[in-house]
Number of protein chains: 2
Amino acid sequence: MPEAIDSRQPRKLTMQDVARAAGVSPMTVSNCFRYPERVQEKTRSQVLRVAAELGYVPNLSAGLLAAGSSRVIGAVLPSMRNSSFYRYTAGLREGAAERGHAVITMIAETPEEELAAVQTLLGLRVAGLALVAGPHAPELRRLAGLSSTPVVESWAGEDAIGRGVGYDVGAASSALTRHLIAQGRRRIGFVDVAGGGGMRYSMRLPAFRQEMFAAGLPDDLVMTIRAADGFGAGAQIVDDFLARDRRIDALLCPTDVVAAGAIFECNRRGLAVPVEIAVAGWGDYDIGRQITPTLTTVAPFSDAIGRGAIAVLLDAEERARAAPLRTGFEILPREST
Amino acid sequence: MPEAIDSRQPRKLTMQDVARAAGVSPMTVSNCFRYPERVQEKTRSQVLRVAAELGYVPNLSAGLLAAGSSRVIGAVLPSMRNSSFYRYTAGLREGAAERGHAVITMIAETPEEELAAVQTLLGLRVAGLALVAGPHAPELRRLAGLSSTPVVESWAGEDAIGRGVGYDVGAASSALTRHLIAQGRRRIGFVDVAGGGGMRYSMRLPAFRQEMFAAGLPDDLVMTIRAADGFGAGAQIVDDFLARDRRIDALLCPTDVVAAGAIFECNRRGLAVPVEIAVAGWGDYDIGRQITPTLTTVAPFSDAIGRGAIAVLLDAEERARAAPLRTGFEILPREST
DNA sequence: TTCTAGATTTGTAGCGCTACAATGATTTGT
DNA sequence: ACAAATCATTGTAGCGCTACAAATCTAGAA
């Protein structure tokens, strides 16, 4: 008695199969997906219907190999730990979608992981590669330069890998410092970040110093922390500044999260914000809008950075320009200052 | 005068080029990357050195096409808006790295975007596809079923697409409810989420009701909100519960973020937490550890979910099992209850 | 009806890489 | 010293798709 040989395993579908099922040539199927307008409406809908029925999805790898180009952009993110890159990724997706591209992202928390991610993405032969400024593996720059894949570095300055896209961090730092000075603050403490993501904000401190110096105020109330994540850092800062007995009347934090942590700590200690001490954050996070008092912050137009990155990647003319693409920012004065 | 024709454009490098430069056959270059142990140490290091010098990165698409399999896992995330998926993605990356795979992720905020993302990932012929439970496009399940790519759905229950991986949300909800009851709370308000991500937590409410009923307590103090993001929702909840004049003595929130918002609102109104009202969150976010009072919450072992998802995807035996892969969770009692 | 421009559709020839089998080089056993 | 076994390396064929040119069809124009 012959067993019913029923390979439940759905055999790999190819364009060939769809073509056969729809009664057209493989080339027509290909055209339906890539250049729909080249195919007669009737034929196209028929082919697409059959394809959907079979669950056929074109093999992008084969397509890329044959056509030499894909419609996928690769992005590397330094972390997902906090929400600061949310609007950036949204901008990337919007910009890409408008031009018929998809965005795949890889998360890399160390320079080594980043390098590996870039190799994978380059291996996939993405149409463009969006990096984020930060500490990179030395090898990365060379690799990017040798590759013919367009590269942009977001939040980067003059020495970007590929072309830089981002807002003028120095100008934002100046503006925020001037805002505090204008409010009558005199002893302004500045919190710097060492390591991770540091390069992304390396212009904050010099700009702060310059403004303070220009106003004849002390520019040496500076403290450096290791990581800008978590509320804990904010508490730490307040502790440290008070331990050193520095009577500061304002505090510039590297992120809203740190600033929020600082405010929590001030509340705990009964230090009135903003009366006794003003606190400013950076980045316009959700939390800054919600805590009491609401937090003064710098709002970068991160979605514009994402969209700008895509524009640079997909437009050779844009890419050829040397100067970084500058996006905007805004100082949001709120209750905490 | 003949112009110097100097195509700065680095011509596309192929394995062929590397082979020529290294004085070996293309096949040997291929082996160096794919099966290093098959090649003599001396030859291998020489080839790899030449490749690095030229900036050659193997074309994964071509490799996939030829070999029929890739070492890339695709993951779709519902959002990056908050940090709840951070540990999940970390688990995915760790699990994948251990088995020599890379993870690429796509962010999708609507069922339509999710479907498009799945199509792209399937088009890339990833070795496995990791989904997250939530509202899906109807087409998605069919597509996943027809495809021969392994699929898992994280945070999913019995009716998962592919195999489900996640902790027992119902059990966690029961445990948290019992915790509050044990603390002497009697009128416990429950906040449910409609829409986005709702399915991921659909077992929370029934479990809550059952525990309350079993304890002879009111199980109808339920409120539904649309989105679980942002502190605003927390404030809203407190407003609404008070507006309806329901004297609740405890509040179960869908996420720590919402719970934090609720606590902020309570502070604003002078409602003492936990004396007058206990507040519990869900998800063990950073903020829950930092606010005053610290927040009681449910800590899912999200990295275990990520690692489990990879294990299921890459191990056919695992994949064949029907019951969802269960990961653990923990109730973290803190100051707010 | 015949012819032509235009719209559609269809072969052909690879894209860069790897499975597989076959070759060449080297060592081991006797 | 020679066959056998082991190891390292190399052709060959083809993965699924698309650029391109060639073939076919359609609808007027003459």
Side-chain angles (χ1 to χ4, degrees), chain A residues 10-48 51 54-72 119-120 122-127 147-149, chain B residues 10-48 51 54-72 119-120 122-127 147-149:
Chain A
R11 227 198 26 72
K12 256 181 244 174
L13 275 179
T14 73
M15 206 166 250
Q16 191 70 242
D17 301 315
V18 178
R20 206 166 7 237
V24 296
S25 77
M27 218 28 249
T28 299
V29 178
S30 173
N31 282 331
C32 285
F33 284 103
R34 261 182 113 76
Y35 305 101
E37 75 284 358
R38 284 190 192 167
V39 180
Q40 213 177 340
E41 154 63 22
K42 197 183 126 188
T43 317
R44 185 189 346 143
S45 60
Q46 148 79 351
V47 169
L48 258 22
L54 297 175
Y56 172 74
V57 179
N59 185 330
L60 295 182
S61 293
L64 161 61
L65 195 55
S69 74
S70 77
R71 295 194 165 184
V72 177
Q119 282 173 327
T120 299
L122 249 25
L124 254 16
R125 298 294 189 267
V126 291
S147 150
S148 56
T149 304
Chain B
R11 227 197 25 73
K12 256 182 244 174
L13 275 179
T14 73
M15 205 165 251
Q16 190 71 242
D17 301 314
V18 178
R20 204 164 11 234
V24 297
S25 77
M27 215 32 245
T28 299
V29 179
S30 173
N31 282 331
C32 285
F33 284 102
R34 261 181 113 78
Y35 304 101
E37 74 285 358
R38 282 189 193 167
V39 181
Q40 212 177 342
E41 155 64 21
K42 196 182 127 188
T43 317
R44 185 189 347 143
S45 60
Q46 148 80 349
V47 168
L48 258 22
L54 297 175
Y56 172 74
V57 179
N59 186 329
L60 296 181
S61 294
L64 161 62
L65 195 56
S69 74
S70 77
R71 297 195 162 184
V72 177
Q119 281 173 327
T120 299
L122 250 25
L124 254 15
R125 298 295 189 266
V126 291
S147 151
S148 56
T149 305

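Keep in mind that this is a model prediction, so the values were computed, not measured. Labels below follow one simple rule: chain letters A, B, ... track the order of the sequence lines, proteins then strands, and each chain is numbered from 1.
- Taking side-chain N and O atoms only, A:Thr28 has a distance below 4.0 Å to OP1 or OP2 of C:dT10.
- Whole-Å rounding puts the B:Leu60 CG to C:dG16 C1' distance at 12 Å.
- Using a 4.5 Å heavy-atom threshold, the side chains of B:Met15 and B:Ser30 count as touching.
- When all heavy atoms of A:Ser69 and A:Arg34 are compared, the closest pair comes out as O-NH2, 4.1 Å.
- Nucleotide D:dA8 holds its P atom 11 Å from the CD atom of B:Glu41, rounded to whole Å.
- When rounded to the nearest whole Å, the span between CZ of B:Arg44 and P of D:dA8 equals 10 Å.
- Taking only side-chain nitrogens and oxygens, B:Ser30 never comes nearer than 4.0 Å to OP1 or OP2 of C:dC17.
- Under 4.0 angstrom from either OP1 or OP2 of C:dC15 there lies no side-chain N or O belonging to A:Arg125.
- Here C:dG16 is the nucleotide among C:dA19, D:dG11, C:dG16 with the atom lying nearest to any side-chain atom of B:Ala62.
- One can place CD of A:Gln16 at 14 Å from C1' of D:dG14, the figure rounded to the nearest angstrom.
- B:Gly68 comes within 4.0 angstrom of no nucleic acid atom, judged by non-hydrogen atoms across all strands.
- Rounded to an integer number of Å, the gap from CZ of B:Arg38 to C1' of D:dT9 is 12 Å.
- Between B:Met27 atom CE and C:dT18 atom C1' there is a gap of 5 Å when expressed in whole angstrom units.
- Closest to the B:Met15 side chain, of the nucleotides D:dG16, C:dC17, D:dT9, is C:dC17.
- Taking every side-chain heavy atom of A:Ala66 into account, D:dG16 is the closest of D:dG16, D:dT10, C:dG16.
- In this structure, B:Thr14 does not reach the C:dG16 phosphate: none of its side-chain N or O atoms is under 4.0 Å from OP1 or OP2.
- Residue A:Ala67 places its side chain closer to D:dT18 than to any other of D:dT18, D:dT10, C:dT9.
- Each of D:dT10, D:dC20, D:dC17 was ranked by its minimum atom distance to the side chain of B:Val24; first place goes to D:dT10.
- Taking atom CG of B:Leu124 as the reference point, atom C1' of D:dC17 lies 14 Å away to the nearest angstrom.
- Heavy atoms only, all atoms of each residue included: A:Tyr56 and A:Thr14 are closest at CE1-C, 3.6 Å.
- Put simply, B:Tyr35 has no side-chain N or O that comes within less than 4.0 Å of OP1 or OP2 on C:dT18.
- Considering only side-chain atoms of A:Gln40, the nucleotide from C:dT8, C:dA19, D:dT18 that sits closest is C:dT8.
- For the pair A:Phe33 CZ and D:dC17 P, the computed distance is 9 Å after rounding to whole Å.
- Proximity of A:Val39 to A:Val47: side-chain heavy atoms (C-beta onward) are nowhere separated by under 4.5 Å.
- Across all strands shown, C:dT30 forms a Watson-Crick or G-U wobble pair, both distances under 3.5 Å, with D:dA1.
- Contact annotation: A:Thr43 side-chain N/O to C:dT9 OP1/OP2 distance is under 4.0 Å.
- The side-chain heavy atoms of A:Val57 and B:Arg125, taken from C-beta on, include a pair separated by under 4.5 Å.
- Under the 4.5 Å side-chain criterion, counting only non-hydrogen atoms from C-beta, B:Thr43 is in contact with B:Thr28.
- Candidate nucleotides C:dG16, D:dG11, D:dG16 were compared by shortest atom distance to the side chain of A:Asn59, and D:dG16 ranks first.
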